[in-house]
Amino acid sequence: MNVPLFVLLDIAEMSSSSYYDACQRDYEVDDQTVINEIKVIRTEFNDYGYRRVTIELKHRGYNINHKKVLRIMKNEGLLCDSYKRSIRKYNSYKGTCGKVASNRLRRRFTTDRPYQKIVTDVTELRWGNKTTSERAYFTAFMDLYNGEIISWNIGLHPNVDL
């Protein structure tokens with residue numbers, strides 16, 4: 001006995017567009033194949049986190065949500081650890097200790113005389129594996145009168161000698 005499709009959809013209280021959409025979808029994506037593909041991507045690209053792994057999976061033909069990729073990577077221990085706190089940039093802040101210098105500029109960064117206001121900043125430069133032994137620090141002294149760099153220095157430690 002052949003029952004028309006619209007009768008079955010009416011009994012199931014399902015719209016025809018939902019039925020045809022379900023026919024075209026690929027619901028049978030095996031998690032193990034996705035896990036294996038994520039492992040392959042992580043061996044190729046060590047620094048890829050779950051977002052970039054999701055994009056790479058889409059390039060390889062898998063239509064998968066980033067939340068599922070994150071869940072799989074957490075369960076399998078495949079999350080990227082290249083950007084953890086232990087290898088972040090140097091921070092010399094030790095809390096409220098010592099003497100705090102007064103704010104003499106008060107955001108007035110222009111002047112009408114040379115050498116009246118000179119400012120500096122320290123920049124961390126990394127190379128290689130980005131360990132503490134592969135970092136250098138660059139500082140430049142700038143005159144706010146005309147924006148000219150008066151002096152600069154490079155050192156391996158961000159201390160007063162720099």
Side-chain angles (χ1 to χ4, degrees), residues 1-98 100 103 107 109 119-142 147 149 151-162:
M1 173 170 150
N2 286 341
V3 179
L5 180 62
F6 70 91
V7 174
L8 293 175
L9 292 175
D10 192 36
I11 293 170
E13 296 179 356
M14 183 177 190
S15 66
S16 60
S17 60
S18 297
Y19 169 77
Y20 287 113
D21 180 57
C23 289
Q24 291 180 344
R25 283 189 188 267
D26 185 19
Y27 289 107
E28 299 300 323
V29 176
D30 187 20
D31 279 349
Q32 194 57 44
T33 59
V34 173
I35 291 170
N36 292 339
E37 196 65 33
I38 289 174
K39 287 180 180 178
V40 168
I41 291 170
R42 285 287 288 136
T43 54
E44 288 178 27
F45 308 103
N46 287 342
D47 292 337
Y48 273 22
Y50 77 94
R51 293 180 183 99
R52 291 171 84 180
V53 168
T54 304
I55 293 169
E56 186 64 30
L57 283 171
K58 290 192 180 187
H59 287 298
R60 295 182 184 199
Y62 292 91
N63 189 11
I64 188 166
N65 192 316
H66 63 94
K67 295 177 209 170
K68 184 171 184 176
V69 173
L70 176 61
R71 185 175 63 247
I72 290 172
M73 289 179 72
K74 273 184 186 175
N75 293 340
E76 298 293 320
L78 297 172
L79 284 176
C80 177
D81 58 353
S82 296
Y83 305 102
K84 292 220 172 169
R85 186 171 177 81
S86 61
I87 61 166
R88 282 195 183 159
K89 290 184 178 180
Y90 174 80
N91 185 1
S92 63
Y93 183 71
K94 295 179 182 174
T96 54
C97 63
V100 177
N103 182 7
R107 301 195 59 79
F109 299 119
V119 294
T120 186
D121 187 32
V122 178
T123 302
E124 179 184 80
L125 308 168
R126 298 180 181 187
W127 68 87
N129 293 329
K130 298 177 177 54
T131 60
T132 54
S133 63
E134 296 172 331
R135 296 179 186 182
Y137 299 90
F138 174 79
T139 184
F141 295 91
M142 183 175 75
I149 301 297
S151 175
W152 58 271
N153 195 8
I154 296 177
L156 294 177
H157 304 286
N159 52 19
V160 178
D161 296 335
L162 177 66

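In this structure, the separation between NE2 on His66 and NZ on Lys58 is 8.0 Å, given to the nearest 0.5 Å. The distance from atom OG of Ser18 to atom CG of Leu9, rounded to the nearest 0.5 Å, is 9.0 Å. Interatomic distance, CD1 of Ile35 versus CG of Leu78, reported as 8.5 Å (0.5 Å rounding). Atom OG1 of Thr120 sits about 9.5 Å away from atom CE of Met142, to the nearest 0.5 Å. Between atom CZ of residue Arg71 and atom CG of residue Asn65 there is a gap of 8.5 Å, rounded to the nearest 0.5 Å. Atom CD1 of residue Ile38 and atom CD of residue Glu56 lie 11.5 Å apart, to the nearest 0.5 angstrom.
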- Message: What verdict does the side-chain contact (heavy atoms from CB on, under 4.5 Å) test give for Leu70 and Leu79, after you've listed the backbone C-alpha separation in whole Å, the side-chain angles of each residue and the deciding distance to 0.1 Å?
- Response: CA-CA 8 Å; Leu70 176 61; Leu79 284 176; 3.8 Å; yes
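Look at Lys68 and Asp31 and you find a salt bridge, because one of the NZ, NE, NH1 or NH2 atoms lies within 4.0 Å of a carboxylate O, short of that distance.
For Glu44, the salt bridge (charged side-chain N to carboxylate O under 4.0 Å, His left out) partners are Arg60, not counting sequence neighbours. For Glu76, the salt bridge (charged side-chain N to carboxylate O under 4.0 Å, His left out) partners at least two apart in sequence or on another chain are Lys39. Asn103 is linked by a side chain to side chain contact (heavy atoms under 4.5 Å, CB included) to Leu105, Arg106, counting only residues two or more places apart in sequence or in another chain. For Tyr20, the ring pair (Phe, Tyr, Trp, His ring centres under 6.0 Å) criterion is met by no residue, not counting sequence neighbours. Residues passing the ring pair (Phe, Tyr, Trp, His ring centres under 6.0 Å) test with Tyr50, sequence neighbours excluded: none.
With a 4.5 Å cut-off on side-chain heavy atoms, Tyr62 and Glu37 count as touching.
Closest non-hydrogen pair, Thr43 versus Asn46, comes out as O-OD1, 3.8 Å. Of all heavy-atom pairs between Arg52 and Asp47, the closest is NH1-O, 4.3 Å. The two residues Cys80 and Gly49 come nearest to each other via the heavy atoms CB-CA, 4.0 Å. Scanning all heavy atoms of the two residues, the minimum distance from Ile72 to Val34 falls at CD1-CG1, 4.0 Å.
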For residues 151-162, tabulate all N or O donor-acceptor pairs below 3.5 Å that involve a side-chain atom, not counting sequence neighbours.
from   : atom 1 : to     : atom 2 : distance (Å)
Asn153 : ND2    : Leu162 : O      : 2.8
Asn159 : OD1    : Asp161 : N      : 3.4
Asn159 : OD1    : Leu162 : N      : 3.4

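Side-chain N or O atoms of Asn36 include one that pairs as donor or acceptor with a backbone N or O of Gln32 at under 3.5 Å. Looking only at distances, a side-chain donor or acceptor of Arg42 sits under 3.5 Å from a matching main-chain atom of Tyr48.
The local environment of OH in Tyr19 is sparse, with at most 12 non-hydrogen atoms from other residues, nucleotides or ligands closer than 6.0 Å.
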